[in-house]
Q: 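One structure coming up, written as structure tokens, with questions to follow.
One is the number of the first residue; the rest follow in order along the sequence.
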Amino acid sequence: MHGATTNKAVPAFQQVKDHVLQQIRSGDWKPGDLIPSERELMLQFSLSRMTVNRALRELTDNQLLVRIQGSGTYVAPGKYQSTLVEIHSIDDELVARGHRYRSQVLTLEASNAPVALKALELESGPAFHSVIVHFADDIPIQLEDRYTNPQLFPDYLQQDFHRITPNHYMVQIAPLDKAEYSIESKMPDAAVRKLLQMEAGEPCLLLSRRTWVRQAVATSVALWHPGSRYQFTGGF
């Protein structure tokens, strides 16, 4: 398409919004699709970057688009959901909803950090520490920062967490007896924001959870989710 027909009665930024909405509603642009860049839309509509940016920003604010820092702008696939009634593995959650799952293991190590020993109620270390980013359709959807009790899961550091999630592994070894959790909206630091490819100023939904096997704390995990891409559901 070489240049778009403009309607002088409609504000320029609204013309871009209407075009994007038409492509989404017609099914030409499907959930998860990468849309044309700001530069491509500037050339298509003969508009300034500021005008195109406003249109995309408003569609993002309305959760119709998702802007991934360093990657581009995508048609929003709807907020990814997680149920709080049971503890499910995130790969099962995402695949069940039709998404393609993969993970990136950033840290898998023994740790004597006081915060780890306190969280697991251990008198001495080490504890095991893992940091994993979980992706849906190549979009980062969860950062998992987990401490694990080595007395319950001695082979934790030998696991291939590209192939199996920590939840899957631990349930196979020692089914959980009890869990406690809290959820809060929290601004991520620069490191978390970079790993989740979030725009500056966007909050996270942070799920903090501890689980027990018999009387011992099995694991303590912080699960960071981009607020614009994720929601929790529940019921009984």
Side-chain angles (χ1 to χ4, degrees), residues 11-21 23-24 29-45 47-82 84 90 93-94 97 99 101-107 115 131-146 181-209 220-234:
F13 79 92
Q14 188 63 48
Q15 294 173 30
V16 179
K17 288 180 67 175
D18 290 344
H19 170 72
V20 173
L21 288 170
Q23 299 304 308
I24 294 173
W29 294 355
K30 296 178 174 57
D33 280 355
L34 178 68
I35 75 167
S37 66
E38 285 188 6
R39 178 170 177 77
E40 290 172 317
L41 291 171
M42 287 166 55
L43 295 174
Q44 179 177 336
F45 286 89
L47 295 173
S48 69
R49 180 178 294 276
M50 182 179 298
T51 300
V52 172
N53 181 270
R54 176 180 175 181
L56 299 185
R57 186 175 67 249
E58 290 190 4
L59 289 168
T60 301
D61 290 343
N62 291 330
Q63 300 183 1
L64 295 169
L65 299 176
V66 174
R67 308 186 80 174
I68 305 298
Q69 190 174 23
S71 178
T73 303
Y74 297 79
V75 179
K79 286 194 174 182
Y80 302 96
Q81 296 182 350
S82 179
L84 294 177
I90 189 169
E93 293 267 4
L94 295 175
R97 291 177 168 84
H99 302 295
Y101 169 81
R102 70 176 177 90
S103 65
Q104 180 182 6
V105 180
L106 303 176
T107 301
V115 64
V131 180
I132 302 173
V133 181
H134 302 280
F135 295 79
D137 302 322
D138 292 323
I139 296 175
I141 199 64
Q142 183 187 90
L143 173 63
E144 172 187 331
D145 189 351
R146 181 185 297 272
Y181 65 82
S182 64
I183 301 173
E184 61 181 315
S185 177
K186 191 167 184 177
M187 296 302 297
D189 61 22
V192 171
R193 186 170 66 248
K194 181 178 180 180
L195 290 171
L196 291 175
Q197 298 176 24
M198 297 169 60
E199 295 288 327
E202 180 184 354
C204 278
L205 288 175
L206 172 59
L207 170 63
S208 301
R209 184 173 65 211
S220 176
V221 60
L223 303 172
W224 295 82
H225 312 83
S228 64
R229 305 176 213 157
Y230 208 87
Q231 67 182 10
F232 292 103
T233 61

Q: Kindly write out the residues that satisfy side-chain hydrogen bond (donor to acceptor under 3.5 Å, both in side chains) with D33, not counting sequence neighbours, or none if the list is empty.
A: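 Residues passing side-chain hydrogen bond (donor to acceptor under 3.5 Å, both in side chains) with D33: none at all.
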Q: Quick check: do V75 and K30 have side-chain heavy atoms less than 4.5 Å from each other?
A: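 They are not in side-chain contact.
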Q: State, yes or no, whether a side-chain contact exists between L56 and I35 at a heavy-atom distance under 4.5 Å.
A: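 Heavy-atom side-chain distance check passes, below 4.5 Å.
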Q: Do P36 and W29 come close enough that some side-chain heavy atom pair is under 4.5 Å?
A: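 Yes, at least one pair of side-chain atoms sits under 4.5 Å.
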Q: Among all residues two or more places apart in sequence or in another chain, which pass the side-chain hydrogen bond (donor to acceptor under 3.5 Å, both in side chains) test with T107?
A: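 For T107, no residue satisfies side-chain hydrogen bond (donor to acceptor under 3.5 Å, both in side chains) once neighbours in sequence are set aside.
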Q: Counting C-beta onward and ignoring hydrogens, is there a side-chain heavy-atom pair between L207 and Y181 closer than 4.5 Å?
A: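 Yes, close enough: below the 4.5 Å cut-off.
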Q: Do Q44 and L41 have side chains that approach each other closer than 4.5 Å (heavy atoms only, starting at C-beta)?
A: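 SC-SC contact between Q44 and L41 confirmed.
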Q: Side-chain contact, heavy-atom cut-off 4.5 Å: I90 with I141?
A: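 A side-chain contact under 4.5 Å exists here.
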Q: List the residues meeting side chain to side chain contact (heavy atoms under 4.5 Å, CB included) with T51, not counting sequence neighbours, and say none if there are none.
A: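 Testing T51 for side chain to side chain contact (heavy atoms under 4.5 Å, CB included), a comparison that skips the adjacent residues, returns A12, F13, L47, S48.
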Q: Sequence neighbours left out, what passes side chain to side chain contact (heavy atoms under 4.5 Å, CB included) with S103? Give chain and number order.
A: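 Partners of S103 under the side chain to side chain contact (heavy atoms under 4.5 Å, CB included) test: Y101, I132, H134, H162.
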Q: Show your reasoning for whether side chain to side chain contact (heavy atoms under 4.5 Å, CB included) applies to L59 and V16.
A: CA-CA 10 Å; L59 289 168; V16 179; over 6 Å; no
Q: Do the side chains of P188 and L196 get nearer than 4.5 Å, heavy atoms only?
A: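 Counting from C-beta outward, L196 and P188 never come under 4.5 Å.
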Q: Would you find more than 12 non-hydrogen atoms of other residues, nucleotides or ligands less than 6.0 Å from M187 atom CE?
A: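 Correct, the count exceeds 12.
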Q: Just to verify, what does L195 make a side chain to side chain contact (heavy atoms under 4.5 Å, CB included) with, not counting sequence neighbours?
A: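 Listed in chain order: L106, V133, L143.
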Q: Suppose we screen for salt bridge (charged side-chain N to carboxylate O under 4.0 Å, His left out). Which residues come up paired with E144, at least two apart in sequence or across chains?
A: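 Salt bridge (charged side-chain N to carboxylate O under 4.0 Å, His left out) list for E144, sorted by chain: R146.
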Q: Just one of E202, E38, E199 clears the salt bridge (charged side-chain N to carboxylate O under 4.0 Å, His left out) bar with R67, so which one?
A: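 So the option named by the test is E38.
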Q: Within this structure, what is the OG1-CG distance for the pair T73 and L34, rounded to the nearest 0.5 Å?
A: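 Between T73 OG1 and L34 CG, I get 7.5 Å after rounding to 0.5 Å.
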Q: What pair of heavy atoms forms the shortest contact from S185 to P203, and how long is it?
A: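 Looks like OG-CB, 3.7 Å.
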Q: Test: side-chain hydrogen bond (donor to acceptor under 3.5 Å, both in side chains). Region: residues 188-198. Which pairs qualify, not counting sequence neighbours?
A: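 Sorted result for residues 188-198: empty, none.
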Q: Please enumerate all residues that pass side-chain hydrogen bond (donor to acceptor under 3.5 Å, both in side chains) together with Q14, with sequence neighbours excluded.
A: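 For Q14, the residues satisfying side-chain hydrogen bond (donor to acceptor under 3.5 Å, both in side chains) (neighbours in sequence not counted) are D18.
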Q: List in chain and number order the residues that pass salt bridge (charged side-chain N to carboxylate O under 4.0 Å, His left out) with R57, two or more places apart in sequence or in another chain; answer none if no residue qualifies.
A: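 Scan of R57 (salt bridge (charged side-chain N to carboxylate O under 4.0 Å, His left out), adjacent residues dropped) gives none.
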Q: Minimum heavy-atom separation for Q15 to F45, with atom names?
A: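 Between these two residues, the closest heavy atoms are O-CE2, 4.2 Å.
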Q: So, using side-chain hydrogen bond (donor to acceptor under 3.5 Å, both in side chains) as the criterion, who are the partners of E58 when residues are at least two apart?
A: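 K17, R54.
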